[in-house]
There are 2 protein chains.
Amino acid sequence: MGTSTERRRGYAAGDARRERILHIATQEFAEHGYRGTSLARVAERAGLSQPGLLHHFRTKEQLLVAVLELRDRRDMERYFDGDGASGGLDLLAALVRVVEHNSRTPELVRLFVVLTSEAVTADHPARDWARARYARLRTWVAHALRRAAAAGDLRPDLDADATAARIIAIMDGLQTQWLLDPAAIDMPALFRAHIDDLLASLRAHHEA
Amino acid sequence: MGTSTERRRGYAAGDARRERILHIATQEFAEHGYRGTSLARVAERAGLSQPGLLHHFRTKEQLLVAVLELRDRRDMERYFDGDGASGGLDLLAALVRVVEHNSRTPELVRLFVVLTSEAVTADHPARDWARARYARLRTWVAHALRRAAAAGDLRPDLDADATAARIIAIMDGLQTQWLLDPAAIDMPALFRAHIDDLLASLRAHHEA
DNA sequence: GTCTATATGCGGATAGAC
DNA sequence: GTCTATCCGCATATAGAC
């Protein structure tokens with residue numbers, strides 16, 4: 001699936017130069033945000049001149065878009081191909097694993113936190129991306145919750161949309177606190193506790 | 001309390017020019033972030049030249065600090081002087097009111113969301129402010145939860161620190177989703193639902 | 001595809017007159 | 001306390017040679 005996307009754009013999947021630029025740009029956007037990132041610095045780290053960089057990505061905005069697309073694609077591979085379209089209750093366990101993985105890759109977490117919040121400012125190029133990403137996430141989680149309810153694993157009267165929004169909210173909120181003060185926040189444990197509480201209150205009471 | 005701070009700095013509480021600058025700077029920082037805000041634009045909107053602005057705040061960073069201090073002070077007045085040091089369970093009701101108020105003042109919410117997340121980037125002037133603010137918020141909420149437990153309103157075995165971090169996380173996470181897509185997110189309702197669930201699972205079972 | 005050179009603009013901050 | 005004028009640096013982007 002990633003491959004077809006790349007073919008459509010007319011460059012080989014294994015374009016090392018391009019991948020290297022994207023890798024470095026990802027780090028720079030994470031460290032300094034979109035506005036704080038300088039193309040000259042990305043270029044220098046990638047071992048080419050700034051106009052050389054603009055040969056591959058015609059504007060800074062296009063570079064950002066390419067970074068976001070790459071990350072979305074990688075995440076899809078990781079969480080969809082891996083678990084399949086993980087159904088029902090398995091999703092919650094998968095989310096716990098996502099958070100555990102995130103706690104070992106702070107730079108990727110920073111990328112999302114920084115760009116998502118920058119996106120709420122006026123005329124930001126990542127605005128549509130952020131909005132669409134949240135809508136997609138909410139739909140995805142809500143869908144899994146409904147399937148779990150239909151399968152009899154969760155109470156049939158649960159509010160799937162509200163629960164999904166809350167789960168995503170707590171993931172995001174914990175990330176910010178954790179990035180600012182990692183020693184004070186045990187992100188995976190706190191998220192796991194939330195999921196446990198959720199299950200305790202939403203689990204269908206077969207035996208009760 | 002605000003007054004004494006102002007006196008210490010040697011300007012009258014009612015310095016209209018200064019207050020006007022801070023008001024406009026608050027809007028600009030909220031709309032464009034720290035990096036995206038231009039002193040020239042703040043100055044223009046405030047009706048003076050850019051060097052004129054720098055007479056009142058010697059650097060952009062000092063302007064930011066002044067904005068953050070003013071907001072913290074206003075919030076303190078609002079939520080401490082108002083409810084007193086709202087004790088125990090009342091705090092949760094107070095937080096619901098805070099979220100309801102926030103949903104009517106998106107620009108102030110945006111200020112916090114944007115600056116807090118920008119603060120996780122390298123060498124950002126609001127870093128210490130953001131870290132200290134979260135530490136203070138967590139301590140404050142955890143303290144209230146412990147008092148509620150001591151008063152017999154909540155289970156004595158609750159993890160106050162973890163619960164506090166989670167409450168703050170969900171407030172923040174909902175804010176981001178709401179700012180990006182207000183029509184899709186009923187922020188006060190979602191937060192209230194979370195508090196209700198929390199109470200349901202943490203309430204001491206006197207009658208049970 | 002990559003470079004050097006450069007256009008062009010905006011940013012924050014300073015000097016010094018009024 | 002506010003202004004005009006200006007410094008200086010950095011930003012993105014382009015032109016055109018190789």
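Keep in mind that this is a model prediction, so the values were computed, not measured. Note on naming: letters A, B, ... go to the chains in the order of the sequence lines (proteins, then strands), and numbering restarts at 1 for each one.
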- Is it true that A:Glu44 and A:Arg41 have a side-chain N and a carboxylate O under 4.0 angstrom from each other? no
- Task: Report the distance from atom CG of A:Leu39 to atom P of D:dC10, rounded to the nearest whole Å.
- Result: 15 Å
- Task: Tell me which of A:Pro51 and A:Gly36 sits closer to the 5' end of DNA chain D, going by the nucleotide each one is nearest to.
- Result: A:Gly36
- Query: Is A:Asp75 salt-bridged to A:Arg71, cutoff N-O under 4.0 Å?
  - Reply: yes
- Note on the structure: A:Leu64 CG to D:dA13 P, in whole Å, measures 12 Å
- Task: To the nearest Å, give me how far apart CZ (A:Arg17) and C1' (C:dG1) are.
- Result: 9 Å
- Task: For this output row, return yes or no: ring centroids of B:His124 and A:His32 closer than 6.0 angstrom.
- Result: no
- Within the structure, does a side-chain N or O atom of B:His56 lie under 4.0 Å from either OP1 or OP2 of D:dT2? yes
- How many Å lie between CD on B:Gln62 and P on C:dG12, as a whole number? 14 Å
- Message: Considering every strand and a 4.0 Å limit on heavy-atom distances, what is the contact class for B:Leu54: base, sugar-phosphate, or nothing?
- Response: base
- Message: What's the closest nucleotide to the side chain of B:Thr59 if the choices are C:dA13, D:dC3, D:dT12?
- Response: C:dA13
- Proximal nucleotide (of D:dT4, C:dG11, D:dT12) relative to the B:Ser38 side chain: C:dG11
- Query: Is the cationic atom of B:Arg133 (NZ for Lys, CZ for Arg) positioned less than 6.0 Å from the six-membered ring centroid of B:Phe112 and within 45 degrees of its normal?
  - Reply: yes
- Item | Closest to side chain of A:Ser49, choosing from C:dG11, C:dT4, C:dT14 | C:dT4
- If you check the B:Lys60 side chain, which of C:dA13, C:dT2, D:dT14 turns out closest? C:dA13
- Query: Below 4.0 angstrom from OP1 or OP2 of D:dA11, is there any side-chain N or O of A:Arg35?
  - Reply: no
- Short side-chain N/O contact to C:dG12 OP1/OP2 from B:Arg58, under 4.0 Å: no
